[in-house]
There are 2 protein chains.
Amino acid sequence: MDLRKEQILKAIIKEYIFGAEPVSSKTIVNRYGLNVSSATIRNEMAALESLGYIKQPHISSGRIPASSGYRYYVDFLMDDDNIADEFNIIDIDTSNIKNINNYLKEVAIVLAGLSNYTVIITEEKQGEDKIHHLKLVGLLEDKALLVLVLSSQKVKDYVLSFLEKISEEDLKKLTDILNYYLIDKNIEGITPELKQEIINIFPSSPLLVEEIFKIVLKALNEEIKVDIIVEGVKNIFKLPEFSEVKKIESFINTLEDQGQLTKIFNNILGQEKGKIDIKIGDEIGLEELNDFTVIATNCSFCDGVQGKIGIIGPTRMFYEKNITLLESLFKQKEE
Amino acid sequence: MDLRKEQILKAIIKEYIFGAEPVSSKTIVNRYGLNVSSATIRNEMAALESLGYIKQPHISSGRIPASSGYRYYVDFLMDDDNIADEFNIIDIDTSNIKNINNYLKEVAIVLAGLSNYTVIITEEKQGEDKIHHLKLVGLLEDKALLVLVLSSQKVKDYVLSFLEKISEEDLKKLTDILNYYLIDKNIEGITPELKQEIINIFPSSPLLVEEIFKIVLKALNEEIKVDIIVEGVKNIFKLPEFSEVKKIESFINTLEDQGQLTKIFNNILGQEKGKIDIKIGDEIGLEELNDFTVIATNCSFCDGVQGKIGIIGPTRMFYEKNITLLESLFKQKEE
DNA sequence: CATTAGCACTTCAACTCATCGAGTGCTAAA
DNA sequence: TTTAGCACTCGATGAGTTGAAGTGCTAATG
């Protein structure tokens with residue numbers, strides 16, 4: 001890869017990202033004038049093709065970048081600083097921040113709008129969660145709130161309804177008993193035997209204890225489920241290279257399949273924070289997404305919730321812009 | 001509309017629902033043998049067409065139902081009881097029921113799978129919500145939970161962090177003060193003057209009071225937002241009549257637009273419960289959905305949360321099956 | 001008078017064929 | 001090493017043809 005080859009590869013990629021059409025030798029001479037003729041460019045293009053960086057849709061067409069061409073571009077050729085600042089401002093109403101679900105959805109919508117691609121956000125499973133402590137709070141006559149604080153700092157609450165009225169003192173007493181037995185227990189520690197023991201100690205409302213155990217199990221179980229938000233699917237229709245129903249169908253099927261979605265991120269990031277990870281085409285590891293690129297990063301949201309954010313677009317995406325977008329989001333969180 | 005015309009209309013609609021292709025006079029003679037010739041059917045078809053119930057895509061093709069044809073079918077011709085019971089069983093893990101968001105998503109996924117169409121669920125704005133009462137619950141040293149119970153029975157909670165430690169007694173005291181002043185206030189009742197008054201009465205933590213007011217305003221504000229769940233978008237790809245990218249794009253754009261989605265339901269149901277409402281084609285009132293039918297019902301989910309569920313599919317949808325599906329869901333909720 | 005057999009007519013979909021333009025690879029010359 | 005020039009390839013476009021499906025209408029029928 002001498003300098004001229006790199007210049008030509010960069011030119012092809014920039015042209016193709018912009019126009020989504022095979023790039024001809026003539027176009028490069030006209031727009032990127034390297035002081036050589038189109039024939040020379042053609043020779044170099046043939047060389048770039050045998051190196052695997054570009055390819056021809058058919059024998060008499062111009063060249064389009066191959067996955068490894070994009071990879072080379074991202075690793076060595078990309079301009080870092082050519083993005084106007086106005087693109088980078090992610091303006092999310094931070095008064096929303098108290099409600100994690102709305103907040104993440106808002107982030108996804110804004111990011112999808114700015115990037116013009118599809119945004120996936122997952123709220124991550126934190127490994128095994130334990131009960132940090134819990135509390136029963138009387139609400140109405142026949143209702144109480146069970147508040148669970150998990151070791152991951154997550155706070156969850158569930159409304160309990162009971163048939164007979166239960167006094168504040170009893171709720172307090174039950175809270176104390178439950179805390180004594182349940183603190184630091186993980187999902188495997190919540191056994192039927194333990195439940196029986198507590199019912200024996202607090203025999204006045206066995207049904208309530210049953211209910212609470214059910215909920216606690218559920219809550220710990222939920223932590224294993226990954227919550228996923230997808231926004232901006234419609235942006236795929238703006239891309240000329242996905243004008244076939246088959247391709248759109250495949251994309252949307254993948255995005256509606258939670259299993260596939262988690263795979264996208266599994267194949268990507270480690271736990272390292274702040275790093276932007278870029279997977280191009282088959283690097284994603286899902287056949288259905290071979291024509292896509294995912295730019296993703298780990299991100300800690302409010303209240304210590306861990307998650308991953310990814311922008312998924314065509315391999316010919318505006319790399320600089322979207323990397324900057326994710327970086328700015330991350331910086332915002334750091335402040 | 002004599003009997004024979006009705007029979008022919010019904011035949012055309014059933015055929016078209018099944019096959020998505022224009023129905024010819026010959027097909028009707030072959031499959032629905034009414035002991036007349038195809039010429040007679042043709043005469044009747046011409047009559048049905050001038051009544052507006054069916055139409056021809058072009059002059060030499062068979063007939064397809066028009067919106068008013070479907071309407072006539074739904075109102076007068078539909079078989080009520082030809083659906084095998086196995087279709088009607090909606091099996092949702094009701095242990096999920098404690099968590100409204102997951103539960104509704106689960107309902108949507110199951111219903112989308114059973115119907116093979118797209119399902120929209122909205123959790124409804126309840127008109128103006130008021131504070132029923134609130135409670136501050138100490139959690140950790142520097143954290144407390146603000147639990148809001150709204151007049152709509154909704155329970156919301158928010159984690160508060162404060163700089164200095166606050167004693168349980170102070171939390172209790174502040175809870176009492178807040179309840180005294182905030183109970184039965186709607187969003188307009190939460191004024192800066194009121195906040196100042198409370199800060200004067202409870203001067204030890206003005207920042208905390210500020211924070212609480214901010215959250216209370218947010219919470220009441222959120223109730224104006226409608227939460228929307230959409231599942232089964234991918235099912236549109238199974239429908240041959242939506243094989244054009246343009247149509248799919250229009251559909252998905254509509255579904256990603258919260259404003260449009262709420263319009264769908266606005267134009268539909270009143271407050272009547274248990275009634276199934278069917279809007280066919282332009283009855284929906286959105287140009288983009290002229291080729292769709294929405295079958296919808298009001299539904300009260302757990303804990304008094306009000307919502308609407310709609311199945312949206314092509315005008316040639318399996319009406320009986322989907323009506324039964326929604327009915328069975330509603331019955332399940334009643335139990 | 002309702003029904004129907006028969007036929008002319010219309011339209012769509014699929015196929016072929018020719019043409020054109022864009023772009024390449026290769027050769028030979030500079 | 002570069003380049004001018006040319007033959008070649010391929011896809012896209014549009015025109016023309018054909019066949020199948022289905023209708024509407026007319027005239028005959030019971």
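Per chain, numbering begins at 1; letters A, B, ... match sequence-line order.
- When the side-chain hydrogen bond (donor to acceptor under 3.5 Å, both in side chains) test is applied to A:Glu21, no partner is found at least two apart in sequence or on another chain.
- Under the rule for a salt bridge (charged side-chain N to carboxylate O under 4.0 Å, His left out), the partners of B:Lys5 that lie at least two apart in sequence or sit in another chain are B:Asp2, B:Glu44.
- In this structure A:Lys234 satisfies the salt bridge (charged side-chain N to carboxylate O under 4.0 Å, His left out) test with no other residue, sequence neighbours excluded.
- Tested against B:Val23, the residues B:Ile13, B:Ile54, B:Ile28, B:Ile64 include a single side-chain contact (heavy atoms from CB on, under 4.5 Å) partner, B:Ile28.
- Bounding nucleotides for the chain B contact on DNA chain C, 5' to 3', at a heavy-atom distance below 4.0 Å, are C:dT3 to C:dC12.
- Considering only side-chain N and O atoms, A:Ser37 lies nowhere under 4.0 angstrom from the phosphate OP1 or OP2 of D:dT2.
- A heavy atom lying under 4.0 Å from DNA chain C marks none of the residues of residues 17-29 of chain B.
- In this structure, a donor-acceptor pair under 3.5 Å is present between the side chains of B:Lys263 and B:Gln260.
- Between A:Ser61 and B:Ser38, the residue anchored closer to the 5' end of DNA chain C is B:Ser38, taking for each the nucleotide with the nearest heavy atom.
- B:Phe251 meets the ring-ring contact (aromatic ring centres under 6.0 Å, His included) test with B:Phe292; sequence neighbours excluded.
- For residues 239-256 of chain A, every residue pair satisfying the side chain to side chain donor-acceptor pair (under 3.5 Å) rule, not counting sequence neighbours, is listed here: A:Glu241-A:Arg316.
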Protein heavy-atom contacts under 4.0 Å, written 5' to 3' over nucleotides 9-14 of chain D as B (base), S (sugar-phosphate only) or - (none), form the string BBS---
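- The aromatic rings of B:Tyr319 and B:Tyr70 lie tilted to each other, with the angle between the two planes from 30° to 60°.
- Residues satisfying the salt bridge (charged side-chain N to carboxylate O under 4.0 Å, His left out) test with B:Arg42, not counting sequence neighbours, are none.
- Judged as a salt bridge (charged side-chain N to carboxylate O under 4.0 Å, His left out), and not counting sequence neighbours, A:Glu287 has no contacts.
- A heavy-atom distance below 4.0 Å to DNA chain C is reached by these residues of residues 42-55 of chain B, ordered by number: B:Arg42, B:Asn43.
- The side-chain hydrogen bond (donor to acceptor under 3.5 Å, both in side chains) check on A:Asn35 picks up nothing, with sequence neighbours excluded.
- The closest donor-acceptor contact from the side chain of A:Thr118 to the backbone of A:Gly232 lies under 3.5 Å.
- No donor-acceptor pair under 3.5 Å is formed between the side chain of B:Lys105 and the backbone N or O of B:Glu231.
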